[in-house]
A.B. asks: 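Shown below is the structure under consideration.
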Amino acid sequence: MNETKKISNEEKNQKLYQIILDLSNYEDDYDGIVEELKNIYDGEYRHSYAQISRNMFYLDFDERETVSSGLDNVIFKLVELEQKEPSTYSSIRKSVVKLKDHIDLEIMRYNLNDEANDRLETAFESAEELNKTTSFLSDEVVELQGKSWDFQNKMESLNTQSITILSIFAGLVFVFTGGFSFISTALQNLNDASVYKLTFVLSLIGMLMFDLIFLFFYMIAKLTDKNISSPCIKTHNQACDWVDECQNCNIIQRYLRRFHYVIIPNIFFISTMIGTVIIWLIRRG
């Protein structure tokens with residue numbers, strides 16, 4: 001007897017699931033559905049909330065809403081029938097109302113779950129965007145730190161260069177002052193000194209002053225990463241790149257070709273001193 005009842009309830013569960021499917025497909029034969037529900041809820045049958053939850057799980061959002069609105073129409077139909085036959089339809093209407101309540105609860109639960117999933121997905125997307133932004137900002141911070149260090153190093157290097165250049169210019173002033181002072185003294189003793197000695201000494205002082213001034217400017221050019229050499233006479237190129245014509249050029253040749261404007265005055269001063277010595281020796285002999 002118990003086994004027969006269990007099978008009967010299982011069949012009723014299947015029929016109730018079929019009614020839910022029919023309502024989800026816009027079934028509007030409410031008279032037929034009412035008759036089916038009358039046969040299902042006749043007796044002590046109580047639908048299972050867990051079974052209803054499983055049945056609603058396989059429906060999408062629109063189908064669940066359609067089932068709920070369809071049951072509203074079924075309940076309205078049962079109310080009309082209850083007024084005519086209260087003893088027959090009163091318990092059935094109450095059972096169907098409970099069925100609708102359970103279905104509405106499931107719809108609300110699924111809707112809240114979908115909303116929570118949407119919010120969670122949005123939160124994940126926002127977190128991912130925030131992670132990308134944070135990563136980008138971290139890269140920017142690292143880049144800015146690198147630029148800051150570079151700027152700081154350049155400032156320190158610039159301060160060092162400025163001090164060095166000022167020192168070099170101070171040396172230039174000293175060379176000019178000392179050189180002109182010596183020349184002035186020599187000119188004042190012009191009557192007491194030999195013209196040969198005076199010419200030799202002035203040429204020597206001029207060469208030393210010229211070479212020291214060039215050396216100072218050369219040091220400034222190295223500190224400021226500038227090039228003060230003239231274009232090579234042979235290659236017409238200011239940079240000695242050791243290609244083509246420069247391959248067989250030794251260091252002395254490169255210096256003569258790129259700094260000939262320094263060599264020529266030195267040749268002039270040395271020639272003057274040598275010539276002065278030769279003339280002095282000839283006149284003396």
Side-chain angles (χ1 to χ4, degrees), residues 1-140:
M1 184 70 179
N2 292 335
E3 185 177 356
T4 305
K5 183 177 181 181
K6 182 178 179 181
I7 295 174
S8 177
N9 286 341
E10 185 65 26
E11 290 177 350
K12 289 181 178 182
N13 288 335
Q14 293 294 330
K15 290 183 178 181
L16 184 60
Y17 178 55
Q18 185 61 47
I19 290 174
I20 292 174
L21 289 178
D22 292 340
L23 289 174
S24 67
N25 293 321
Y26 301 96
E27 177 64 51
D28 56 359
D29 183 14
Y30 300 118
D31 291 333
I33 292 176
V34 167
E35 190 64 27
E36 289 289 337
L37 289 172
K38 179 182 176 183
N39 295 331
I40 291 173
Y41 286 105
D42 185 21
E44 298 180 356
Y45 173 76
R46 296 291 182 270
H47 61 261
S48 170
Y49 179 73
Q51 183 67 35
I52 296 300
S53 179
R54 285 194 295 271
N55 294 339
M56 297 299 292
F57 175 78
Y58 298 103
L59 303 180
D60 58 26
F61 176 80
D62 292 334
E63 289 175 336
R64 293 169 191 155
E65 294 295 331
T66 304
V67 171
S68 179
S69 60
L71 283 176
D72 285 332
N73 294 325
V74 171
I75 292 172
F76 180 77
K77 196 77 174 176
L78 287 170
V79 169
E80 292 180 346
L81 293 173
E82 184 182 3
Q83 291 175 356
K84 298 177 182 178
E85 299 180 46
S87 60
T88 303
Y89 291 98
S90 177
S91 61
I92 297 174
R93 178 188 61 79
K94 291 178 181 179
S95 297
V96 175
V97 169
K98 288 183 180 180
L99 173 65
K100 184 179 184 303
D101 287 342
H102 289 167
I103 288 177
D104 288 343
L105 285 174
E106 281 300 300
I107 291 175
M108 183 180 298
R109 187 172 69 86
Y110 282 119
N111 290 344
L112 291 175
N113 187 55
D114 292 340
E115 183 178 355
N117 288 335
D118 292 340
R119 290 183 178 180
L120 185 61
E121 184 177 354
T122 302
F124 277 128
E125 292 176 355
S126 300
E128 186 176 357
E129 288 294 329
L130 183 59
N131 187 32
K132 291 180 180 179
T133 303
T134 304
S135 178
F136 175 76
L137 290 177
S138 298
D139 294 338
E140 289 291 322

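All of these numbers come straight from a predicted model, not from anything done at the bench. Basis for what follows: all heavy atoms, side chains included, without hydrogens, waters or symmetry-related copies.
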A.B. asks: Can you check whether L21's main-chain N or O pairs, donor with acceptor, with S24's side chain at less than 3.5 Å?
C.D. replies: yes
A.B. asks: How many angstroms lie between CD1 in I103 and CD in E65, if you round to the nearest 0.5 Å?
C.D. replies: 11.5 Å
A.B. asks: Any heavy-atom pair between the side chains of V74 and I19 that's under 4.5 Å?
C.D. replies: no
A.B. asks: Examine distances only and state if a side-chain atom of N111 and a backbone atom of I107 form a donor-acceptor pair shorter than 3.5 Å.
C.D. replies: yes
A.B. asks: For the atom pair NE2 (H102) and CD1 (I52), what is the distance rounded to the nearest 0.5 Å?
C.D. replies: 8.5 Å
A.B. asks: Report yes if the side chains of L16 and L37 come closer than 4.5 Å at any heavy-atom pair, otherwise no.
C.D. replies: yes
A.B. asks: Identify the two heavy atoms, one from L71 and one from K100, that lie closest to each other, and give their separation to 0.1 Å.
C.D. replies: CD1-CA, 3.9 Å
A.B. asks: Which atom pair, heavy atoms only, marks the closest approach of K15 to E36?
C.D. replies: CD-OE1, 4.3 Å
A.B. asks: Any donor-acceptor pair under 3.5 Å linking the side-chain atoms of E121 with those of N117?
C.D. replies: no
A.B. asks: Are E11 and Q14 packed together at the side-chain level, in the sense that at least one heavy-atom pair is separated by less than 4.5 angstrom?
C.D. replies: no
A.B. asks: Please round to the nearest 0.5 Å and tell me the distance separating atom CG of N55 and atom OH of Y17.
C.D. replies: 6.0 Å
A.B. asks: How many angstroms lie between CZ in F124 and CG in L130, if you round to the nearest 0.5 Å?
C.D. replies: 13.5 Å
A.B. asks: Going by heavy atoms in the side chains, are E106 and R64 under 4.5 Å from each other?
C.D. replies: no
A.B. asks: List the atom of Y110, the atom of S53, and the distance in Å for their closest heavy-atom pair.
C.D. replies: OH-O, 3.3 Å
A.B. asks: Are there more than 12 heavy atoms of other residues, nucleotides or ligands under 6.0 Å from atom NZ of K98?
C.D. replies: no
A.B. asks: Which heavy atom in I20 sits nearest to a heavy atom in V67, and how many Å separate them?
C.D. replies: O-CG2, 3.4 Å
A.B. asks: Rounded to the nearest 0.5 Å, what separation is found between the CD1 atom of I33 and the CG atom of L23?
C.D. replies: 4.0 Å
A.B. asks: Considering all heavy atoms of both residues, which atom of R93 and which atom of L78 are nearest to each other, and what is their separation?
C.D. replies: CA-CD1, 3.9 Å
A.B. asks: Taking D60's backbone N and O only, do any of them form a donor-acceptor pair with E63's side chain (distance below 3.5 Å, no angle check)?
C.D. replies: yes
A.B. asks: Should E115 and R119 count as an ion pair when the cut-off is N to O under 4.0 Å?
C.D. replies: yes
A.B. asks: Nearest 0.5 Å, what's the CD1-NZ distance between I92 and K94?
C.D. replies: 12.0 Å
